[in-house]
Amino acid sequence: MEFCVEDSTDVSVLIEDHRVVFRNGDGVELYNEIEFYAKVNSKDSQDKRSGRSITCFVRKWKEKVAWPRLTKEDIKPVWLSVDFDNWRDWEGDDEVELAQVEHYAELLNKVSTKRPPPAMDDLDDESDNEDATTN
């Protein structure tokens, strides 16, 4: 999640197991609270500050389980939007990875298939050619 602010120095971000609280106390009072759809790992979550934004990296408690939305409530706040630059489709990942593994296994089978060595009857022996030219 990314919160855009004018100055990120006087901003408090509190990531808890079921919610994130964002508040700014530098004269302009801002307060946002998002109650998550499901439990997150607050100890393994963090925030990163730049001049005009704060990015929160929140790790879900159950990582391989897709959420239908970020918030607990079915209603999306008007100020909340999806960052499609960082979008990841969790449902399709397993299928793509499985297809890649199957393709790799096919390639290995083709390479490791044992075939009889090629016949070499039609190759000239260099020593025979040398004898013919020296005589």
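Just so you know, these numbers use all the heavy atoms, side chains as well, and skip hydrogens, waters and symmetry mates.
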Review point. With a 4.5 Å limit on heavy-atom distance, are the side chains of Thr71 and Phe36 in contact?
Key: no

**Study point:** Atom of Glu16, atom of Ser42 and distance for their closest heavy-atom approach
**Key:** C-CB, 3.7 Å

Revision key, fill the gap. Here the pair of heavy atoms bringing Ser45 nearest to Ile15 is CB-CG2, 3.8 Å

Point to revise | Any side-chain heavy-atom pair of Glu63 and Asn41 under 4.5 Å | key: no

Exercise for review: Please report the closest heavy-atom contact between Trp67 and Lys39, naming both atoms and the distance.
Suggested key: CZ2-O, 4.0 Å

Check your understanding: What's the shortest heavy-atom distance between Asp74 and Arg69, and which atoms?
Key -> CA-NE, 3.6 Å

Check your understanding: In Å and rounded to the nearest 0.5 Å, what is the SG to CD distance from Cys56 to Gln46?
Key -> 10.0 Å

Check your understanding: How are the rings of Phe3 and Phe22 set to each other: parallel, tilted or perpendicular (split at 30° and 60°)?
Key -> parallel

Point to revise | Value rounded to 0.5 Å, distance of NZ in Lys72 from CZ in Arg19 | key: 12.0 Å

Review point. So, do Lys60 and Val65 sit near enough that their side-chain heavy atoms are less than 4.5 Å apart?
Key: no

**Study point:** Sub-4.5 Å side-chain heavy-atom contact between Trp61 and Val40
**Key:** no

Practice item. With rounding to the nearest 0.5 Å, note down the distance linking CD in Glu73 to CD1 in Ile34. Key: 11.5 Å

Check your understanding: Below 4.5 Å, heavy atoms only, C-beta onward: do Val21 and Tyr31 meet side chain to side chain?
Key -> yes

Review point. Are the side chain of Thr55 and the backbone N or O of Glu2 linked by a donor-acceptor pair below 3.5 Å?
Key: no

